[in-house]
Visitor: 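Before I ask anything, let me first share the structure, which is written out below as structure tokens.
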Amino acid sequence: MSVTQSLTLDPDARTAENAMIFVDGAFVAAASGGTFPTVDPNTGKTIAQVPRADGTDVDRAVAAAKRVAVEWQFTDAIARAGLLRALAAKVTEHADELARLEALDSGHYLAKAQELVGAIPLWLDYWASLADKVGGRTIEVPGNKLSFTVLEPLGVTAHIVPWNYPLLILVRSCAPALALGNTCVVKPAEDTSLSALKFAELVSEAGFPDGVFNVVTGYGTEAGASLAAHPDVAGITFTGSTETGKAVTKLAADHIAQVNLELGGKSPTIVFPDADLDDAVEAAVQGFCSHTGQVCVAGTRLFVHADIRDEFLGKLTARLDSTQVGDGFADGTQMGPLVSQKQYDRVRSYIETGKTEGTLHYGGGRPAGAPDGGYFIEPTVFVDVGHDARIAREEIFGPVASVHSWSTEDELVEAVNDSIYGLFAVLLGRDITRLLSTARRLQVGGVMINDWFGELPMTPHGGHKQSGTGREEGLEAVHGYTQVKHVTVNLDGSLRAGTDWAGAPL
Ligand code: NDP
């Protein structure tokens, strides 16, 4: 496989050139020749023109992925693992460029983007290690028979990726898909396509066969919908909003594709009266300010025990005062911009709604000294907010939290579970029995006790209720990228006449 075109970044000018889609091992323009701009959210200025792929390009990418699917399925697992490890080495070699692209396109501050890209080989290595280890099981059936299952790949898998963690989310689903013998077609978010295109280059250099991995950039309603609707796509992993997840599921239903959904959340951070308050404040701030609140597990509902509410709020204010918001490439920045003008307008609109639903306790405006043109917003906290308020129920995807006080666990659990979402919860306190008793009653896919969320390749991530189906990461993710075949062998060597059909269950 040869790379015919390379995405080049000019870090000083903050621009990139030669963004091409990656189909069947080659970088090409979209069939229509169309492009759209992607912008630096720190400045609002255009970084690059990105190909606007449509159904024609999706057809080509899926055809390539289908053509090579059987060959890839029967490539020795150990060889697939070797390619994933080669890819991990390529990511490490190009980590700085990948991180700069990611920071520029998505608004992650540079140090965070470097941390994220630095972690990506862990996912590739985890799945490389499992490629030749996961399998089926033997089953005890009556008679002289051997019965067992084998896990087989789905075939062509689609990966529709959001803009908040563009490369990590791509890798966390494509790594298991590839390791377990599937081929991939990726549709990045239109706001953040660049790191996926650079990654495709590294896939190519690592030696993956043509067609095994493809990237089509474009709009969700064009390229994304065409991919989800494609009859040759056997599995779809979608990460993004619950609303779009429902639309994708409907498209998948028309051709019965398997769907993994990683959707929205409105996660609680719960502070018990015996918590270390400095730790609790740190977890709360990380929870709703990390990546400017654009995190599916963001802890945007702060449930603080009534006995410590005032002290907690005082410490929270002091901690937020010390949070440095600004250009992601400036030294010391801890919170960059929102990803786009659209997201900025959306978050601002929620802040205005919040002012009518509660009391603004902190922030709500544009940070002092933030660069002109960028989509910067202050960390924002509301108090005196009812559980029915829109800002307490809807996913805002910005650094906006509401504080709710509680007195009894029954009241707390009822309020936390009264949500269409059920993704994640953080609990802070010292009485482990009390913490675990509460954790058991929460309708969520993940709980972190006395810590903040740290995504890892080995722990299953996903949601209850409208936060999703299936799991990314961990051994549980195997089910999302495989299907079961059952085989039974009659060890008698022949089918005897006079089989007792009456004794058979069917
Ligand atoms: P979307 O759910 O709209 O987008 C996620 C991905 O789906 C993108 O690649 C998008 O493409 C694509 N897409 C959009 N429409 C379709 C479609 N009809 N068929 C197939 N694919 C489609 O999220 P947004 O980026 O618009 O963000 C909106 C909200 O989603 C956020 O405010 C937040 O609440 C939530 N969100 C949740 C995330 C999570 O991890 N749970 C992550 C990101 C967002 P395109 O970018 O071109 O629209």
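When a ligand or atom number is given, it counts from 1 through the structure's own listing order. Hydrogens, waters and symmetry mates are skipped; everything else that's a heavy atom, side chains included, is used.
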Visitor: Pick whichever of Lys266, Glu394, Lys342, Glu243 has a heavy atom sitting closest to atom 26 (O) of ligand 1.
Guide: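 Among Lys266, Glu394, Lys342, Glu243, the closest heavy atom to atom 26 (O) of ligand 1 comes from Lys342.
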
Visitor: Out of Phe238, Tyr350, Phe397, indicate the one that has the non-hydrogen atom closest to atom 44 (C) of ligand 1.
Guide: Phe397

Visitor: Quick one: does ligand 1 sit under 4.0 Å from the side chain of Gln343, the backbone, both or neither, non-hydrogen atoms only?
Guide: side chain

Visitor: Heavy atom to atom 2 (O) of ligand 1, shortest distance: which of Cys296, Gly264, Ser241, Pro166 holds it?
Guide: Ser241

Visitor: Is it the side chain, the backbone, both or neither of Val161 that has a heavy atom closer than 4.0 Å to ligand 1?
Guide: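 For Val161, the contact with ligand 1 is made by the backbone alone.
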
Visitor: Mind checking what makes salt bridge (charged side-chain N to carboxylate O under 4.0 Å, His left out) contact with Glu243, not counting sequence neighbours?
Guide: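 Glu243 satisfies salt bridge (charged side-chain N to carboxylate O under 4.0 Å, His left out) with no residue once adjacent residues are dropped.
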
Visitor: Looking at non-hydrogen atoms alone, which of His159, Glu190, Glu395 comes nearest to atom 45 (P) of ligand 1?
Guide: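 Looking at heavy atoms only, Glu190 sits closest to atom 45 (P) of ligand 1.
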
Visitor: Quick one: which ligand 1 atoms are inside 4.0 Å of a heavy atom on Asn164?
Guide: 40 (O), 42 (C)

Visitor: Pro188 near ligand 1, heavy-atom distance under 4.0 Å?
Guide: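 Heavy atoms of Pro188 do come under 4.0 Å of ligand 1.
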
Visitor: Of the backbone atoms (N, CA, C, O) and the side-chain heavy atoms from C-beta on, which set of Asp191 has a member under 4.0 Å from an atom of ligand 1: side chain, backbone, both, or neither?
Guide: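 Looking at Asp191 and ligand 1, no heavy atom falls under 4.0 Å.
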
Visitor: Give the residue, atom name and distance (to 0.1 Å) of the protein heavy atom nearest atom 43 (C) of ligand 1.
Guide: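 Among all protein heavy atoms, the one nearest atom 43 (C) of ligand 1 is Pro162 CB, 3.3 Å.
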
Visitor: What protein heavy atom sits nearest atom 15 (N) of ligand 1, and how far away is it?
Guide: Thr244 CG2, 3.3 Å

Visitor: Give the atoms of ligand 1, by number and element, whose distance to some non-hydrogen atom of Val248 is under 4.0 Å.
Guide: 19 (N), 20 (C)

Visitor: So which heavy atom in the protein is nearest atom 18 (N) of ligand 1, and how far is it from that ligand atom?
Guide: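 Checked against all protein heavy atoms, atom 18 (N) of ligand 1 sits closest to Gly220 O, 4.0 Å.
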
Visitor: Quick one: which of Gln341, Gln343, Lys342, Arg348 gives a side-chain hydrogen bond (donor to acceptor under 3.5 Å, both in side chains) with Asp345?
Guide: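 So the option named by the test is Gln341.
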
Visitor: Counting from 1, what ligand 1 atoms have a heavy atom of Gly218 closer than 4.0 Å?
Guide: 47 (O)

Visitor: Examine the proximity of ligand 1 to Ala228 and report which part, side chain or backbone, both or neither, has a heavy atom under 4.0 Å away.
Guide: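 It is neither; nothing of Ala228 touches ligand 1.
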
